[in-house]
Amino acid sequence: MPTNFSQNRGYPVTKQIHPDRLKRVETLKERGIAPFPARTPGEPTPIQEVLAGIEENEGKIYWVAGRLGQVRDFGKLRFSHLRDRSGAMQIGLQRDKLPDFWPNRKLLEVGDIVAIQGELGRTKKGEPTIWATEVVLLTKSLRLPPEKWHGLKDVEARYRMRYVDLFSNPEVRDSFILRSRVIREIRAYFDELGYIEVETPILHSIPGGALARPFITHHNTLDIDLYLRIAPELYLKRLIVGGMERVYEIGRVFRNEGISTRHNPEFTMLESYEAYADYNTVMNRVEGLFDRLCKNVLGTHEIHFREKTYNLKPPYPKKKYIDLFAEYNDGLSYFDEEGVRARAKELGVLKEGLSPEKIANDVFEATVEPHLDGPVFVIDYPKAICPLSKASDEDPKIAERFELFLGGMELGNAFSELNDPVDQEQRFEEQVRDKDPETPGEVDYDYVAALEYGMPPAGGLGIGIDRLLMVLSGNPSIRDVLLFPLLRPLPSGEEPTLETEESDKS
RNA sequence: GGGGGCGUAGCUCAGUCGGUAGAGCAACGGCCUUUUAAGCCGUGGGUCGAAGGUUCAAGUCCUUCCGCCCUCACCA
């Protein structure tokens, strides 16, 4: 009962070891065939390559290696498919071509990893086939694979046993190949703009750069608590102070918060900072990046996500936060404290003890965000809710900040970076006075010191890579773009030994 | 944390009004040299997520618990 993960009786899947397969391991050994040999014979050719050259290469000899599919047995002839990382193709085993192997043919079965040497040809119906002249078992599979036609559907089993999901549902692998290509293309984009890719600490002594509860850990030798980073922001801006001028980091951040279709406690963030730029520059960068991803990776600007279609051809509309606020709240002014308060109460989002700006922002999130399918830049946020953003030269109440919405989700956050050390220090100290558990408990004075040396005007960007991939790949849940999403661990228990297994069966 | 849904064979799923636990694929034993969800003959396989309760009788009804999914809340 492998997918009855919930039953409280220890390791859940050992029962899947198939007794007949264990016996076949013994038979193999008796016949002098290693079930888990160290060496792979020949040099396997990727199946995709074999198939691509079939017209000119028919009759040539190839080694291919991969996982064996279901066997179709005709007595003196057996067909199966073989799948490797690049694709799948048919192999044909004929008694007359495999006199030595033939008595052992039934020791090889679906799920085993094998290498096959043989001549590339076709069947009577034209199916490209390698007619084996050598068959070498590389790894015996002890568990029954999921059903050939439906694959593995049970979502919990798919996430917990992604290794099975990947080989039994080939389209899953495609999502992760897409992920790899998108990230490579992001790097190429920033590299070509002269950005330097950097790696900054993940263990922080003061969590900062975002508002979120951190994970706490402990360093034994120093005997101090450390925090897994909630954002790389403050370190990256130190590099701007240091004169690196254009830097980006793609890395994991950790937030000790809820899990949902849009949230995983660890996720991948892109952050970039560019000196002598402002948030307008950054909007151009985002458009350039998305345009490039569409052209070079997807081959289209039209994407489908959660039953809706989006066009990612730039430019994207820019809408002012204040205007959107009024638009979806009957013309109510963001700055009308009493009106906003009443509206929050009416919506049921009013919480006591919050600043007027935060109340207003809750109203914004309740009334405006559901309508932001995007792509759209929401620009010019009230400065009071943007502690790391620079105020507009024209209007000191407005911060030069934008958030990017796409697919109804907040995908990115960016601003003209606040580089006034006095202003920054005051804002940090206000945060510390606030007893909100998500605000830092300590001012990062070292970061303030960095600003005191002088940080050039800069535009910074943060994009949630996983959410971006959800939209680009059309997967509605963040778990489908994470190879190993966080699930509650199974109850620990004694894993039965194989001997126990056998005696259980008898 | 609230609400809703789900959990039955290795996998995918049925299971009516409470009345002996089902199918397809997979597995096991055979036959077959052109199949590709191969076909044909035969066989085995279940603590129905767990515990408790109601009942003559529970996969089915009730309670509690476990896990997963969706949703709301939360979420720079």
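So you know, we letter chains A, B, ... as the sequences are listed, proteins then strands, and number each from 1.
Closest contact between the side chain of Arg160(A) and the listed nucleotides rC11(B), rC68(B), rU35(B) involves rC68(B). When distances are taken from the side chain of Gln431(A) to each of rC69(B), rA76(B), rU33(B), the shortest belongs to rA76(B). Closest to the side chain of Asp20(A), out of rC28(B), rC68(B), rA76(B), is rC28(B). For Glu156(A), counting side-chain heavy atoms from C-beta on, the closest listed nucleotide (rC75(B), rC28(B), rC68(B)) is rC68(B). Closest approach to the Lys148(A) side chain among rU34(B), rC25(B), rC74(B) is made by rC25(B) (side chain taken as heavy atoms from C-beta onward). Residue Leu77(A) has its side chain nearest to rU34(B) when only rU36(B), rC75(B), rU34(B) are considered.
Residue contacts shown for Arg479(A) are limited to sugar-phosphate atoms, with no base heavy atom under 4.0 Å away. Contacts of Lys124(A) with the nucleic acid, taken as non-hydrogen atoms under 4.0 Å apart, include base atoms. Within 4.0 Å of Glu109(A), counting heavy atoms only, lie sugar-phosphate atoms of the nucleic acid but no base atom.
Side-chain contact check for Asn329(A) and Thr367(A): at least one donor-acceptor pair (N or O, by modelled atom type) lies under 3.5 Å. Under the 3.5 Å distance criterion, with hydrogens and angles disregarded, no donor-acceptor pair is assigned to the side chains of Glu119(A) and Thr133(A).
A search for salt bridge (Lys or Arg N to Asp or Glu O under 4.0 Å) contacts involving Lys383(A) returns Asp423(A), not counting sequence neighbours. The ring-ring contact (aromatic ring centres under 6.0 Å, His included) search around Phe290(A) returns none, not counting sequence neighbours. Residues passing the ring-ring contact (aromatic ring centres under 6.0 Å, His included) test with Tyr321(A), sequence neighbours excluded: Tyr334(A), Phe364(A), Tyr381(A). In this view, His371(A) and Tyr328(A) satisfy the ring-ring contact (aromatic ring centres under 6.0 Å, His included) rule, not counting sequence neighbours.
In this model, no side-chain donor or acceptor of Glu127(A) finds a partner on the base of rU35(B) within 3.5 Å. A donor and an acceptor atom never sit less than 3.5 Å apart when one is taken from the side chain of His150(A) and the other from the base of rC11(B).
The phosphate of rU35(B) (OP1 or OP2) has no side-chain N or O of Arg72(A) nearer than 4.0 angstrom. In this structure, Gln70(A) reaches the rA27(B) phosphate: one of its side-chain N or O atoms is under 4.0 Å from OP1 or OP2. For the OP1/OP2 pair of rC70(B) and a distance below 4.0 Å, the side-chain nitrogens and oxygens of Arg306(A) include no atom meeting the criterion. For rC70(B), the OP1/OP2 oxygens have no side-chain nitrogen or oxygen of Thr261(A) closer than 4.0 Å. Side-chain nitrogen and oxygen atoms of Arg78(A) include none within less than 4.0 Å of the OP1 or OP2 phosphate oxygen of rU36(B). Between Arg488(A) and rG67(B), a side-chain N or O to OP1/OP2 separation shorter than 4.0 Å is present.
Looking at which nucleotide of RNA chain B each of Trp149(A) and Arg401(A) is closest to, the 5′-most match is held by Trp149(A). If Phe415(A) and Pro146(A) are placed on RNA chain B by their nearest nucleotide, the residue sitting closer to the 5' end is Pro146(A).
The salt bridge (Lys or Arg N to Asp or Glu O under 4.0 Å) pairs that include a residue from residues 65-88 of chain A are Asp73(A)-Arg78(A), where partners are two or more places apart or lie in different chains.
Proximity of a side-chain donor or acceptor of Ser416(A) to a complementary backbone N or O of Tyr279(A) within less than 3.5 Å is detected.
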What does the list of N/O pairs under 3.5 Å between the protein and nucleotides 13-15 of chain B look like, with a distance for each?
none

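For Phe79(A) and rU35(B), the ring-to-base geometry satisfies the stacking test (centroid distance below 5.5 Å, interplanar angle below 30°).
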